[in-house]
Amino acid sequence: SMSTILAFIGTYFFNITSDNIEQFLSVSVVIFADGFFGVWAGVKREGFQTRKAVSVLKTFGFWIIMLACILSIEKGFEGTAWLSETIMAPFLVFQLISILKNASMIGAVNNELLTQILDKLDNHKGERGV
């Protein structure tokens with residue numbers, strides 16, 4: 001029956017999540033930290049925009065689904081344990097760079113060398129106006 005299938009799928013993904021809670025938490029914390037500082041910097045730069053704040057939730061949903069898919073592939077196929085590190089680690093590094101850039105744009109991080117490096121890495125946000 002349909003409820004049995006849904007219970008199986010729900011239990012399967014619950015087990016993947018509980019077995020890899022550190023990965024799900026790290027992705028969540030990085031996305032929401034970037035979102036927090038990004039919205040703060042956006043408010044300071046151009047005022048609050050709902051669509052930009054909602055994009056944090058879209059990003060969160062996308063990467064949580066991606067992580068669940070990657071972990072299910074790793075669980076199902078031997079020799080694919082490298083997938084989550086290969087796909088998720090660069091994403092997390094870029095998100096951390098974005099956090100630093102946003103934090104420096106609002107003045108939370110005040111380091112001129114950091115600002116120069118981040119301005120070169122993340123041109124689409126413009127230069128710090130502080």
Side-chain angles (χ1 to χ4, degrees):
S1 97
M2 185 58 93
S3 61
T4 304
I5 292 170
L6 291 175
F8 170 76
I9 292 170
T11 303
Y12 177 78
F13 283 106
F14 177 77
N15 287 336
I16 283 181
T17 304
S18 62
D19 290 344
N20 300 285
I21 193 68
E22 295 85 7
Q23 290 184 32
F24 282 98
L25 283 175
S26 65
V27 168
S28 302
V29 168
V30 168
I31 289 171
F32 284 117
D34 184 38
F36 173 77
F37 287 112
V39 168
W40 191 356
V43 166
K44 198 170 184 185
R45 197 172 48 245
E46 58 205 22
F48 182 79
Q49 294 184 4
T50 305
R51 67 178 169 79
K52 290 189 177 183
V54 170
S55 74
V56 174
L57 298 176
K58 290 179 185 176
T59 301
F60 172 73
F62 174 78
W63 283 105
I64 290 298
I65 291 170
M66 280 295 294
L67 181 57
C69 290
I70 292 166
L71 292 172
S72 68
I73 292 169
E74 286 181 358
K75 188 172 183 172
F77 298 96
E78 274 194 44
T80 59
W82 53 269
L83 270 177
S84 59
E85 291 89 3
T86 303
I87 295 172
M88 298 306 292
F91 160 72
L92 293 171
V93 169
F94 287 122
Q95 288 296 112
L96 289 170
I97 291 169
S98 180
I99 291 169
L100 288 172
K101 173 75 176 205
N102 290 330
S104 71
M105 290 180 82
I106 62 171
V109 175
N110 193 8
N111 183 327
E112 193 59 37
L113 179 60
L114 172 67
T115 303
Q116 290 173 359
I117 292 169
L118 294 177
D119 282 340
K120 289 180 182 4
L121 289 174
D122 202 1
N123 290 327
H124 76 279
K125 292 182 181 178
E127 293 193 15
R128 245 172 54 106
V130 179

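Clustering ILVMFWY residues whenever any of their side-chain heavy atoms sit less than 4.5 angstrom apart, transitively, puts Phe60 in the very cluster that holds Ile87. Residue Ile16 is not grouped with residue Ile65 when hydrophobic side chains (ILVMFWY) are merged at heavy-atom distances under 4.5 angstrom, including chains of intermediate members. In this structure, Ile5 is a member of the same hydrophobic cluster as Tyr12, with clusters built from ILVMFWY side-chain heavy atoms closer than 4.5 Å. A single hydrophobic cluster is seen to contain both Phe13 and Leu67, as judged by linkage of ILVMFWY side chains at heavy-atom distances under 4.5 Å, directly or through other members. A chain of hydrophobic side-chain contacts below 4.5 Å, direct or via other Ile, Leu, Val, Met, Phe, Trp or Tyr residues, connects Phe36 to Leu57.
A distance of 11.0 Å separates CG in Asp34 from CG in Leu92, rounded to the nearest 0.5 Å. Atoms CD1 and CD, from Ile70 and Gln23 in turn, are 9.0 Å apart once rounded to the nearest 0.5 Å. Interatomic distance, Phe24 CZ to Thr17 OG1, rounded to the nearest 0.5 Å: 4.0 Å. Atom OG1 of Thr11 is separated from atom CZ of Phe8 by 8.5 Å, given to the nearest 0.5 angstrom. Here the CD1 atom belonging to Ile64 is positioned 11.5 Å from the SG atom belonging to Cys69, to the nearest 0.5 angstrom. Here the straight-line distance linking atom OG of Ser104 with atom CD1 of Ile99 works out to 12.0 Å at 0.5 Å rounding.
In this structure, Leu6 belongs to a hydrophobic cluster whose other members, linked by side-chain heavy atoms under 4.5 Å apart, are Met2.
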Determine all donor-acceptor pairs shorter than 3.5 Å in which one atom belongs to a side chain in residues 76-85; sequence neighbours excluded.
residue: Thr80; atom: OG1; partner: Ile73; partner atom: O; Å: 3.3
residue: Thr80; atom: OG1; partner: Phe77; partner atom: O; Å: 2.6
residue: Trp82; atom: NE1; partner: Gly79; partner atom: O; Å: 2.9
residue: Ser84; atom: OG; partner: Glu74; partner atom: OE2; Å: 2.9

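Considering only heavy atoms from C-beta on, Thr4 comes within 4.5 Å of Ser1 through its side chain.
Evaluated for a side chain to side chain contact (heavy atoms under 4.5 Å, CB included) with Met88, the options Val30, Leu71, Val27 yield exactly one hit, Val27.
Partners of Phe91 according to the ring pair (Phe, Tyr, Trp, His ring centres under 6.0 Å) rule, which considers only residues two or more places apart in sequence or in another chain, are Trp63.
Under a cut-off of 6.0 angstrom, the local environment of CZ in Phe32 is crowded, with over 12 non-hydrogen atoms contributed by other residues, nucleotides or ligands.
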Just do the side-chain contact (heavy atoms from CB on, under 4.5 Å) check on Ile106 and Phe37 with the steps written out, would you? CA-CA 8 Å; Ile106 62 171; Phe37 287 112; 3.6 Å; yes
